[in-house]
Structure formats: structure tokens, C-alpha cells
Amino acid sequence: VPENYDRKYHGYSRMRIALARSYNIPAVRALEMAGVGNVIRTVHKLGITTLDQGLGYYGLALTLGGGEVKMLDMVYAFSVFANDGNMAGSPIPEETQRPGYRTLDPVPVLRVENSKGEVLWKYDVATTVPIVDPRLAYIITNFLSDNSARWAAFGSPNVLELDRPAAVKTGTTNDYKDNWTVGYTPQVAI
């Protein structure tokens with residue numbers, strides 16, 4: 001039975017509020033409305049390389065962490081929103097691409113220097129691929145960077161507030177053992 005992290009039911013709420021405060025029940029309802037298969041296909045395009053047990057394997061608990069996702073994949077997926085809906089990275093060779101999954105990989109090393117600071121190797125040009133409509137990326141970023149929408153859940157001020165706008169999404173396991181925060185600005189995703 002899905003419940004919110006604070007074990008309280010908050011009634012109907014706007015998606016902006018539900019995302020900012022990490023309410024689980026609206027997320028489950030949104031997944032139900034969109035369809036688990038549609039969501040999995042979308043997250044594969046966004047960069048998630050797991051969740052590949054077959055579309056019938058996952059249920060509505062997927063939105064509550066009911067599937068294993070790699071941290072690098074999660075950050076890479078959120079970077080698409082930071083880049084106005086575009087994925088940036090290094091092309092995956094066509095013969096190793098999986099149909100329906102991302103066609104680019106993140107670039108973990110941008111430059112190699114020697115002890116004198118001389119550049120030995122540099123990654124110059126990222127390939128970009130449009131993944132999400134820029135208007136949708138804007139809305140998601142606007143929702144996730146709304147500090148005042150988070151205040152009821154996280155207080156004010158809180159550690160999610162930076163000296164500039166930052167989009168943030170948190171997640172917590174059922175037993176409160178694991179907590180994730182994924183966030184981004186236009187310059188960085190972490």
C-alpha cells in the first residue's frame with residue numbers, strides 16, 4: 001500500500017507540490033495514468049540502462065523504487081532536463097546499441113593533464129540528441145527548482161536551497177535506510 005514518507009495523506013495536490021515534497025501517492029497515480037510500459041520506455045530513452053526485466057515485470061511500485069537504477073544513469077537522465085531536453089555525450093557504437101535505449105553515453109573524463117598542467121588529452125565536442133520537448137524540460141525544471149514548494153516538507157532554509165536556482169528530487173527507501181538526492185543546474189548534474 002503506497003504511503004508518503006511522513007506516513008500522512010495530504011489529499012489532492014498540484015504536481016509541483018507533490019514533486020517538491022516527495023509525496024508518493026500522487027507519483028503512483030501519475031504512473032498509473034501514464035502506464036508503466038510508457039514510463040519505462042521513456043526512462044530508457046532518458047538514459048536508464050536497467051529496468052529491463054520486461055514491461056510486465058514492474059508494477060506501480062516502480063515509482064517508489066521498485067526497480068534497480070544505477071546512480072550514474074539517474075544523474076545522466078536528469079541532465080537531459082538540465083540541457084533543455086537534449087542528451088549530450090559520446091555516441092554508443094551502433095552495433096552495441098540496444099533498441100529503445102539511449103544512443104549516447106556520459107563522458108566521465110573531460111580532460112587529462114600531466115603534473116605541469118599540460119593537456120595530454122581533451123574531450124572536445126559532445127554529440128547531442130533531442131530526447132524531451134524543451135517545453136516539458138522547462139516545466140520539470142521549474143517544478144523541481146521551486147524552493148517555496150519544498151518548505152512544508154524540508155523547512156526553510158534547507159540544504160536543498162543553493163545560492164542559485166537548482167532543480168532537486170529526493171527519494172527514500174521504505175525503511176529510511178537509503179536516501180537519494182539528484183539535482184542539477186544548467187552547468188552540472190549531481
query: Counting N and O atoms only, with roles assigned by atom type, does the side chain of Arg14 sit under 3.5 Å from a partner on the main chain of Arg16, one being a donor and the other an acceptor?
result: no
query: Is there a donor-acceptor contact under 3.5 Å from the side chain of Thr50 to the main chain of Glu68?
result: yes
Closest contact, heavy atoms only, Thr185 versus Pro165: CG2-O, 3.7 Å
task: Treat each ILVMFWY residue as a node, draw an edge where side-chain heavy atoms are under 4.5 Å apart, and state whether Val28 and Val36 are in one component.
output: yes
query: Between the side chains of Ser148 and Asp146, does any donor sit under 3.5 Å from an acceptor?
result: yes
query: Can a donor-acceptor pair be found between the side chains of Lys45 and Thr103 at a distance below 3.5 Å?
result: no
task: Could you point out which residue of Asn86, Val129, Thr128 forms a side chain to side chain contact (heavy atoms under 4.5 Å, CB included) with Leu104?
output: Val129
task: State plainly whether one hydrophobic cluster holds both Leu136 and Met15, where clusters connect Ile, Leu, Val, Met, Phe, Trp and Tyr through side-chain heavy atoms under 4.5 angstrom apart.
output: yes
- prompt: Do side-chain atoms of Arg150 reach the backbone of Leu144 as a donor and acceptor pair under 3.5 angstrom?
  reply: yes
task: Would you verify whether the NZ or CZ of Arg135 falls within 45 degrees of the ring axis of Tyr138 while also being under 6.0 Å from that six-membered ring's centre?
output: no
- prompt: Any link between Met74 and Val39 through a network of hydrophobic side chains (Ile, Leu, Val, Met, Phe, Trp, Tyr) touching at under 4.5 Å?
  reply: yes
- request: Answer with yes or no whether the side chains of Ser22 and Thr170 bring together a donor and an acceptor at under 3.5 Å.
  value: yes
- prompt: Do side-chain atoms of Asn158 reach the backbone of Gly155 as a donor and acceptor pair under 3.5 angstrom?
  reply: yes
- prompt: Do the side chain of Asp73 and the main chain of Val69 share a donor and acceptor less than 3.5 angstrom apart?
  reply: no
statement: The complete set of ring pair (Phe, Tyr, Trp, His ring centres under 6.0 Å) pairs with one or both residues in residues 51-93, sequence neighbours excluded, reads none
field: Polar side-chain atom of Asn83 near backbone of Val80 as donor-acceptor pair, under 3.5 Å
entry: no
